[in-house]
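One structure is given here, and the rest of the page talks about it.
Labels below follow one simple rule: chain letters A, B, ... track the order of the sequence lines, proteins then strands, and each chain is numbered from 1.
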There are 2 protein chains.
Amino acid sequence: MVMTIGTLGKATGTKAETIRYYEKIGLLPPPGRSGGNYRSYGEAELGRLSFIRRARQLGFSLDQVRALLELSEDRGRDCATVDALARGHLAEVERKIADLTALQRELAAMIASCHGGTVGSCRIIEALGPC
Amino acid sequence: MVMTIGTLGKATGTKAETIRYYEKIGLLPPPGRSGGNYRSYGEAELGRLSFIRRARQLGFSLDQVRALLELSEDRGRDCATVDALARGHLAEVERKIADLTALQRELAAMIASCHGGTVGSCRIIEALGPC
DNA sequence: GCTTGACCCTCTAGTTGCTACAGGGTGCAT
DNA sequence: ATGCACCCTGTAGCAACTAGAGGGTCAAGC
(Lines give C-alpha, C1' and ligand atoms only; values in the text may rest on other atoms or scores of the structure.)
Protein backbone atom coordinates (compact mmCIF):
# COMPACT_ATOMS: atom_id res chain seq x y z
CA MET A 1 0.00 0.00 0.00
CA VAL A 2 1.67 3.15 -1.24
CA MET A 3 0.44 6.57 -0.20
CA THR A 4 1.07 10.19 -1.06
CA ILE A 5 1.56 12.68 1.72
CA GLY A 6 -2.08 13.77 1.52
CA THR A 7 -3.38 10.23 1.86
CA LEU A 8 -1.10 9.54 4.82
CA GLY A 9 -2.27 12.79 6.32
CA LYS A 10 -5.91 11.84 6.01
CA ALA A 11 -5.20 8.41 7.48
CA THR A 12 -3.59 9.91 10.57
CA GLY A 13 -5.36 13.25 10.93
CA THR A 14 -2.21 15.19 10.10
CA LYS A 15 -1.71 18.02 7.64
CA ALA A 16 0.83 17.56 4.87
CA GLU A 17 2.81 20.53 6.20
CA THR A 18 3.07 18.87 9.58
CA ILE A 19 4.33 15.63 8.06
CA ARG A 20 6.99 17.53 6.13
CA TYR A 21 7.85 19.34 9.37
CA TYR A 22 8.29 16.04 11.22
CA GLU A 23 10.58 14.90 8.42
CA LYS A 24 12.60 18.10 8.63
CA ILE A 25 13.22 17.73 12.35
CA GLY A 26 14.11 14.06 11.93
CA LEU A 27 11.05 12.53 13.60
CA LEU A 28 10.11 10.78 10.37
CA PRO A 29 12.80 9.37 8.05
CA PRO A 30 12.91 10.79 4.51
CA PRO A 31 10.58 8.57 2.49
CA GLY A 32 11.08 7.27 -1.04
CA ARG A 33 10.04 9.43 -3.97
CA SER A 34 7.82 8.78 -6.97
CA GLY A 35 8.72 9.68 -10.53
CA GLY A 36 7.26 13.16 -10.12
CA ASN A 37 9.27 13.68 -6.93
CA TYR A 38 6.28 13.03 -4.68
CA ARG A 39 6.96 11.51 -1.27
CA SER A 40 5.68 7.93 -1.11
CA TYR A 41 4.81 6.24 2.16
CA GLY A 42 4.00 2.66 3.20
CA GLU A 43 2.74 0.77 6.25
CA ALA A 44 5.87 1.41 8.30
CA GLU A 45 5.53 5.18 8.00
CA LEU A 46 1.81 4.94 8.73
CA GLY A 47 2.60 3.09 11.95
CA ARG A 48 5.31 5.51 12.99
CA LEU A 49 3.22 8.58 12.30
CA SER A 50 0.22 7.09 14.14
CA PHE A 51 2.47 6.52 17.14
CA ILE A 52 3.68 10.10 17.00
CA ARG A 53 0.17 11.53 16.71
CA ARG A 54 -1.19 9.41 19.51
CA ALA A 55 1.66 10.44 21.80
CA ARG A 56 1.11 14.10 20.87
CA GLN A 57 -2.58 13.77 21.68
CA LEU A 58 -1.52 12.54 25.10
CA GLY A 59 0.47 15.74 25.48
CA PHE A 60 3.99 14.37 25.12
CA SER A 61 6.43 16.92 23.71
CA LEU A 62 8.18 16.20 20.42
CA ASP A 63 11.36 15.52 22.36
CA GLN A 64 9.55 13.02 24.55
CA VAL A 65 8.02 11.44 21.44
CA ARG A 66 11.47 11.16 19.96
CA ALA A 67 12.67 9.37 23.09
CA LEU A 68 9.63 7.07 23.12
CA LEU A 69 10.22 6.16 19.46
CA GLU A 70 13.84 5.35 20.15
CA LEU A 71 12.94 3.24 23.17
CA SER A 72 10.21 1.41 21.27
CA GLU A 73 12.70 0.30 18.65
CA ASP A 74 14.72 -1.68 21.17
CA ARG A 75 12.20 -4.38 22.07
CA GLY A 76 14.55 -6.32 24.37
CA ARG A 77 15.30 -3.37 26.63
CA ASP A 78 13.81 -2.95 30.09
CA CYS A 79 10.75 -0.72 29.88
CA ALA A 80 11.53 1.15 33.11
CA THR A 81 12.72 4.17 31.09
CA VAL A 82 9.43 4.27 29.19
CA ASP A 83 7.59 4.05 32.47
CA ALA A 84 9.65 6.87 33.98
CA LEU A 85 9.04 9.07 30.96
CA ALA A 86 5.30 8.53 31.15
CA ARG A 87 5.24 9.10 34.90
CA GLY A 88 7.22 12.29 34.52
CA HIS A 89 4.75 13.52 31.97
CA LEU A 90 1.80 12.58 34.15
CA ALA A 91 3.33 14.53 37.03
CA GLU A 92 3.71 17.53 34.74
CA VAL A 93 0.08 17.27 33.66
CA GLU A 94 -1.03 17.06 37.28
CA ARG A 95 0.99 20.12 38.18
CA LYS A 96 -0.64 22.02 35.32
CA ILE A 97 -4.08 20.95 36.51
CA ALA A 98 -3.29 22.17 40.01
CA ASP A 99 -2.03 25.50 38.69
CA LEU A 100 -5.07 26.00 36.51
CA THR A 101 -7.43 25.04 39.32
CA ALA A 102 -5.87 27.66 41.57
CA LEU A 103 -6.23 30.14 38.72
CA GLN A 104 -9.84 29.18 38.21
CA ARG A 105 -10.67 29.82 41.84
CA GLU A 106 -9.03 33.21 41.78
CA LEU A 107 -10.76 34.22 38.58
CA ALA A 108 -14.14 33.00 39.79
CA ALA A 109 -13.77 34.95 43.06
CA MET A 110 -12.77 38.05 41.14
CA ILE A 111 -15.73 37.78 38.81
CA ALA A 112 -18.14 37.08 41.64
CA SER A 113 -17.04 40.26 43.40
CA CYS A 114 -18.04 42.45 40.42
CA HIS A 115 -21.61 43.69 40.64
CA GLY A 116 -21.72 45.87 37.56
CA GLY A 117 -21.43 49.63 37.42
CA THR A 118 -18.57 51.59 35.92
CA VAL A 119 -14.97 50.67 35.42
CA GLY A 120 -14.06 53.18 38.12
CA SER A 121 -15.68 51.00 40.76
CA CYS A 122 -15.06 47.65 39.10
CA ARG A 123 -13.69 45.04 41.47
CA ILE A 124 -12.03 43.13 38.65
CA ILE A 125 -9.90 46.08 37.64
CA GLU A 126 -9.32 46.83 41.29
CA ALA A 127 -8.12 43.28 41.91
CA LEU A 128 -5.54 43.71 39.18
CA GLY A 129 -4.42 47.11 40.35
CA PRO A 130 -1.79 48.01 42.94
CA CYS A 131 -2.13 46.06 46.16
CA MET B 1 10.84 57.79 43.18
CA VAL B 2 12.90 57.15 40.08
CA MET B 3 13.96 53.66 39.10
CA THR B 4 16.20 51.98 36.57
CA ILE B 5 14.90 49.01 34.64
CA GLY B 6 16.56 46.59 37.04
CA THR B 7 14.94 48.16 40.09
CA LEU B 8 11.54 48.16 38.45
CA GLY B 9 12.12 44.55 37.49
CA LYS B 10 12.90 43.56 41.06
CA ALA B 11 9.87 45.46 42.34
CA THR B 12 7.55 43.58 39.98
CA GLY B 13 9.27 40.25 39.54
CA THR B 14 10.03 40.93 35.89
CA LYS B 15 13.29 40.55 34.00
CA ALA B 16 14.73 43.63 32.32
CA GLU B 17 14.46 41.90 28.94
CA THR B 18 10.76 41.33 29.48
CA ILE B 19 10.21 44.98 30.37
CA ARG B 20 12.00 46.07 27.19
CA TYR B 21 9.90 43.53 25.30
CA TYR B 22 6.67 44.99 26.72
CA GLU B 23 7.86 48.40 25.64
CA LYS B 24 8.64 47.16 22.13
CA ILE B 25 5.17 45.70 21.66
CA GLY B 26 3.55 48.87 23.02
CA LEU B 27 2.27 47.48 26.31
CA LEU B 28 4.42 49.94 28.24
CA PRO B 29 4.99 53.48 26.94
CA PRO B 30 8.61 54.45 26.21
CA PRO B 31 9.92 55.90 29.48
CA GLY B 32 12.14 58.91 29.95
CA ARG B 33 15.89 58.51 29.75
CA SER B 34 18.70 59.46 32.10
CA GLY B 35 21.88 61.23 31.01
CA GLY B 36 23.55 57.93 30.24
CA ASN B 37 20.58 56.82 28.13
CA TYR B 38 19.18 54.58 30.87
CA ARG B 39 15.41 54.11 30.98
CA SER B 40 13.95 55.83 34.04
CA TYR B 41 10.65 54.79 35.57
CA GLY B 42 8.33 56.26 38.20
CA GLU B 43 5.22 55.28 40.16
CA ALA B 44 2.95 55.30 37.12
CA GLU B 45 5.04 52.73 35.31
CA LEU B 46 5.33 50.64 38.46
CA GLY B 47 1.53 50.55 38.70
CA ARG B 48 1.05 49.72 35.06
CA LEU B 49 3.64 46.95 35.06
CA SER B 50 2.22 45.48 38.28
CA PHE B 51 -1.19 45.38 36.62
CA ILE B 52 0.27 43.62 33.60
CA ARG B 53 2.14 41.06 35.68
CA ARG B 54 -0.83 40.34 37.88
CA ALA B 55 -3.05 39.79 34.85
CA ARG B 56 -0.40 37.55 33.26
CA GLN B 57 -0.23 35.50 36.45
CA LEU B 58 -3.96 35.01 36.12
CA GLY B 59 -3.34 33.62 32.66
CA PHE B 60 -4.64 36.51 30.55
CA SER B 61 -2.93 36.76 27.16
CA LEU B 62 -0.99 39.89 26.29
CA ASP B 63 -3.82 40.87 23.96
CA GLN B 64 -6.32 40.49 26.78
CA VAL B 65 -4.03 42.48 29.07
CA ARG B 66 -3.87 45.20 26.45
CA ALA B 67 -7.67 45.30 26.35
CA LEU B 68 -7.92 45.36 30.16
CA LEU B 69 -5.45 48.22 30.34
CA GLU B 70 -7.41 50.21 27.81
CA LEU B 71 -10.68 49.54 29.62
CA SER B 72 -9.19 50.45 32.97
CA GLU B 73 -8.21 53.86 31.67
CA ASP B 74 -11.80 54.84 31.00
CA ARG B 75 -13.16 54.94 34.56
CA GLY B 76 -16.63 56.17 33.59
CA ARG B 77 -17.35 53.31 31.21
CA ASP B 78 -19.65 50.40 32.04
CA CYS B 79 -17.59 47.50 33.32
CA ALA B 80 -19.62 44.87 31.46
CA THR B 81 -16.84 44.50 28.89
CA VAL B 82 -14.31 43.82 31.62
CA ASP B 83 -16.64 41.28 33.12
CA ALA B 84 -17.16 39.55 29.77
CA LEU B 85 -13.43 39.40 29.16
CA ALA B 86 -12.80 37.82 32.52
CA ARG B 87 -15.67 35.35 32.10
CA GLY B 88 -14.38 34.36 28.68
CA HIS B 89 -10.97 33.72 30.15
CA LEU B 90 -12.43 31.70 33.00
CA ALA B 91 -14.31 29.54 30.50
CA GLU B 92 -11.08 28.96 28.62
CA VAL B 93 -9.28 27.95 31.81
CA GLU B 94 -12.07 25.56 32.69
CA ARG B 95 -11.91 23.97 29.25
CA LYS B 96 -8.16 23.49 29.67
CA ILE B 97 -8.68 21.87 33.06
CA ALA B 98 -11.23 19.47 31.56
CA ASP B 99 -8.86 18.58 28.70
CA LEU B 100 -5.95 17.99 31.04
CA THR B 101 -8.07 15.93 33.41
CA ALA B 102 -9.10 13.64 30.54
CA LEU B 103 -5.44 13.38 29.60
CA GLN B 104 -4.46 12.60 33.15
CA ARG B 105 -6.94 9.73 33.35
CA GLU B 106 -5.68 8.25 30.10
CA LEU B 107 -2.05 8.55 31.13
CA ALA B 108 -2.69 7.08 34.56
CA ALA B 109 -4.53 4.10 33.04
CA MET B 110 -1.72 3.54 30.59
CA ILE B 111 0.90 3.64 33.33
CA ALA B 112 -1.12 1.36 35.61
CA SER B 113 -1.29 -1.25 32.87
CA CYS B 114 2.51 -1.51 32.65
CA HIS B 115 3.92 -4.17 34.96
CA GLY B 116 7.58 -3.96 34.03
CA GLY B 117 9.45 -6.30 31.74
CA THR B 118 10.88 -5.45 28.37
CA VAL B 119 9.86 -2.83 25.87
CA GLY B 120 8.62 -5.65 23.61
CA SER B 121 5.81 -6.40 26.03
CA CYS B 122 5.35 -2.89 27.41
CA ARG B 123 1.73 -1.82 27.55
CA ILE B 124 2.65 1.84 27.32
CA ILE B 125 4.37 1.40 23.99
CA GLU B 126 1.56 -0.90 22.93
CA ALA B 127 -1.05 1.73 23.82
CA LEU B 128 0.73 4.20 21.57
CA GLY B 129 1.16 1.74 18.72
CA PRO B 130 -1.26 0.91 15.89
CA CYS B 131 -4.78 0.23 17.10
C1' DG C 1 42.75 58.81 38.17
C1' DC C 2 42.18 54.28 37.07
C1' DT C 3 40.36 49.88 37.33
C1' DT C 4 36.78 46.60 38.51
C1' DG C 5 32.30 44.99 38.50
C1' DA C 6 27.53 45.53 38.22
C1' DC C 7 24.51 47.42 35.68
C1' DC C 8 22.59 49.38 31.25
C1' DC C 9 22.10 49.85 25.88
C1' DT C 10 20.68 47.85 20.96
C1' DC C 11 19.96 44.17 17.91
C1' DT C 12 19.49 39.51 16.56
C1' DA C 13 18.28 34.86 16.95
C1' DG C 14 16.45 31.03 19.51
C1' DT C 15 12.55 28.40 21.87
C1' DT C 16 7.79 24.93 20.68
C1' DG C 17 4.90 23.00 17.29
C1' DC C 18 3.23 23.89 13.95
C1' DT C 19 0.73 26.97 9.98
C1' DA C 20 0.55 29.85 5.95
C1' DC C 21 2.08 31.68 2.13
C1' DA C 22 4.75 32.32 -2.54
C1' DG C 23 6.01 30.53 -6.62
C1' DG C 24 6.36 26.84 -8.89
C1' DG C 25 5.65 21.41 -10.91
C1' DT C 26 2.57 16.94 -11.56
C1' DG C 27 -1.28 14.06 -12.71
C1' DC C 28 -5.73 13.05 -14.15
C1' DA C 29 -10.20 14.12 -16.23
C1' DT C 30 -12.69 16.60 -19.69
C1' DA D 1 -5.30 21.56 -23.98
C1' DT D 2 -6.92 23.12 -20.00
C1' DG D 3 -8.65 23.09 -15.59
C1' DC D 4 -8.27 21.44 -11.02
C1' DA D 5 -6.49 19.08 -7.11
C1' DC D 6 -2.62 17.79 -5.48
C1' DC D 7 2.53 17.93 -4.76
C1' DC D 8 7.32 20.40 -4.30
C1' DT D 9 10.80 23.83 -1.86
C1' DG D 10 11.74 27.57 0.99
C1' DT D 11 10.66 31.23 4.01
C1' DA D 12 8.15 33.79 7.41
C1' DG D 13 4.83 34.04 11.04
C1' DC D 14 2.33 32.98 15.75
C1' DA D 15 3.01 33.63 21.69
C1' DA D 16 5.70 35.35 25.06
C1' DC D 17 9.48 35.63 26.16
C1' DT D 18 14.85 34.34 26.78
C1' DA D 19 19.69 34.42 25.70
C1' DG D 20 23.56 36.17 23.64
C1' DA D 21 26.89 39.39 21.23
C1' DG D 22 29.16 43.49 21.47
C1' DG D 23 29.24 47.39 23.35
C1' DG D 24 28.49 51.91 26.97
C1' DT D 25 27.85 53.89 32.04
C1' DC D 26 28.39 54.51 36.85
C1' DA D 27 29.84 54.16 41.66
C1' DA D 28 33.32 52.34 44.72
C1' DG D 29 37.85 51.28 46.14
C1' DC D 30 42.90 51.75 45.62
Side-chain angles (χ1 to χ4, degrees), chain A residues 2-28 30-42 45 48-49 51-69 88-89 92-93 96 99-100 103, chain B residues 2-28 30-42 45 48-49 51-69 88-89 92-93 96 99-100 103:
Chain A
V2 173
M3 289 170 285
T4 64
I5 198 170
T7 312
L8 178 65
K10 260 163 216 148
T12 57
T14 317
K15 294 189 180 175
E17 286 95 340
T18 306
I19 298 177
R20 283 191 283 257
Y21 171 71
Y22 287 165
E23 181 185 331
K24 198 169 86 179
I25 63 169
L27 217 53
L28 286 174
R33 296 287 180 137
S34 74
N37 199 31
Y38 285 16
R39 285 169 179 82
S40 74
Y41 298 98
E45 282 95 346
R48 194 175 173 95
L49 183 53
F51 185 103
I52 295 171
R53 295 305 283 181
R54 181 97 188 94
R56 291 289 299 132
Q57 274 164 20
L58 287 168
F60 287 97
S61 73
L62 288 183
D63 264 3
Q64 288 173 322
V65 174
R66 204 188 297 273
L68 284 172
L69 278 167
H89 178 47
E92 209 180 308
V93 168
K96 268 185 203 160
D99 286 357
L100 284 173
L103 220 66
Chain B
V2 173
M3 291 170 284
T4 65
I5 198 170
T7 313
L8 178 64
K10 259 164 218 148
T12 57
T14 317
K15 294 190 179 173
E17 288 94 340
T18 305
I19 299 176
R20 283 192 283 256
Y21 170 71
Y22 287 165
E23 181 185 331
K24 200 169 85 179
I25 62 169
L27 216 54
L28 286 175
R33 297 285 180 138
S34 75
N37 199 31
Y38 286 14
R39 285 169 179 81
S40 74
Y41 298 98
E45 282 95 345
R48 193 173 172 96
L49 183 53
F51 185 102
I52 295 170
R53 295 305 283 181
R54 180 100 188 93
R56 291 289 300 131
Q57 273 164 20
L58 287 169
F60 287 97
S61 73
L62 288 183
D63 265 2
Q64 289 174 323
V65 174
R66 204 187 298 271
L68 285 171
L69 278 167
H89 178 47
E92 208 181 310
V93 168
K96 268 185 203 161
D99 286 357
L100 284 174
L103 219 67

* Side-chain contact test, heavy atoms from C-beta onward, threshold under 4.5 Å: evaluate it for Thr18(A) versus Arg53(A) and give yes or no. => yes

* Side-chain (Arg56(A)) to main-chain (Phe60(A)) donor-acceptor, under 3.5 angstrom -> yes

* Structure fact -> Between CZ of Phe60(B) and C1' of dA16(D) the distance, given in whole Å, is 17 Å

* Asked: For Thr4(A), which contact category applies under a 4.0 Å heavy-atom criterion: base, sugar-phosphate, or nothing?
  -> sugar-phosphate

* **Distance, nearest 0.5 Å, that separates CD1 of Ile19(A) from OG1 of Thr14(A)** => 5.0 Å

* Got a donor-acceptor contact below 3.5 angstrom from the Gln64(B) side chain to the Ser61(B) backbone? -> yes

* Rounded to the Å, how far apart are Lys15(A) NZ and dA5(D) P? -> 17 Å

* Asked: If we ignore angles and hydrogens, is there a donor and acceptor under 3.5 Å between the side chains of Tyr41(B) and Arg48(B)?
  -> no

* Pick base, sugar-phosphate or nothing for Ile25(A), based on heavy-atom distances below 4.0 Å to the nucleic acid. => nothing

* Structure fact -> Between CZ of Arg33(A) and P of dG27(C) the distance, given in whole Å, is 13 Å

* Asked: Going from CD on Glu17(A) to CD1 on Ile5(A), what distance comes out if it is rounded to the nearest 0.5 angstrom?
  -> 8.0 Å

* Given dC6(D), is OP1 or OP2 found less than 4.0 Å from the side-chain N or O atoms of Arg39(A)? -> no

* Distance in angstrom units between Asn37(A) CG and dG23(C) P, rounded -> 21 Å

* To do: Give a yes/no on whether any side-chain N or O of Thr18(B) is located under 4.0 angstrom from OP1 or OP2 of dT18(D).
  => yes

* **Residue mapping more 5' on DNA chain D - nearest nucleotide basis, Glu17(A) or Gly35(B)** => Glu17(A)

* Inter-axis angle, terminal five-pair segments of the helix from dG1(C)-dC30(D) to dT30(C)-dA1(D) [nearest 10°] -> 30°

* Asked: In terms of the nearest nucleotide of DNA chain C, which residue is placed more toward the 5' end: Asp63(A) or Ser40(B)?
  -> Ser40(B)

* Asked: Taking only N and O in the side chain of Tyr22(A), is any of them less than 4.0 Å away from OP1 or OP2 of dC18(C)?
  -> yes

* **Any Lys10(B) side-chain heavy atom under 4.5 Å of Met3(B) side chain** => no

* Structure fact -> In whole angstroms, the gap separating P of dC18(C) from CZ of Arg66(A) amounts to 12 Å

* Residue closer to the 5' end of DNA chain C, Tyr21(A) versus Thr7(B) (nearest nucleotide) -> Thr7(B)

* **Under 4.0 angstrom between Lys24(A) side-chain N/O and dG10(D) OP1 or OP2** => no

* To do: Return yes if the base of dT26(C) and the side-chain atoms of Tyr38(A) contain a donor-acceptor N/O pair under 3.5 Å, otherwise no.
  => yes

* Asked: Has Arg53(A) got a side-chain N or O lying under 4.0 Å from the OP1 or OP2 atom of dG17(C)?
  -> no

* Separation of Leu62(A) atom CG from dT19(C) atom P, in whole Å? -> 11 Å

* How long is the line joining CD1 of Ile19(B) and C1' of dC7(C), in whole Å? -> 14 Å

* To do: Can you tell me the distance, in whole Å, between the CG atom of Leu58(B) and the C1' atom of dA16(D)?
  => 17 Å

* Which part of the nucleic acid does Arg20(B) contact within heavy-atom distance under 4.0 Å: base, sugar-phosphate only, or nothing? -> base

* Under 4.5 Å between any side-chain heavy atoms of Val65(A) and Leu69(A), yes or no? -> yes

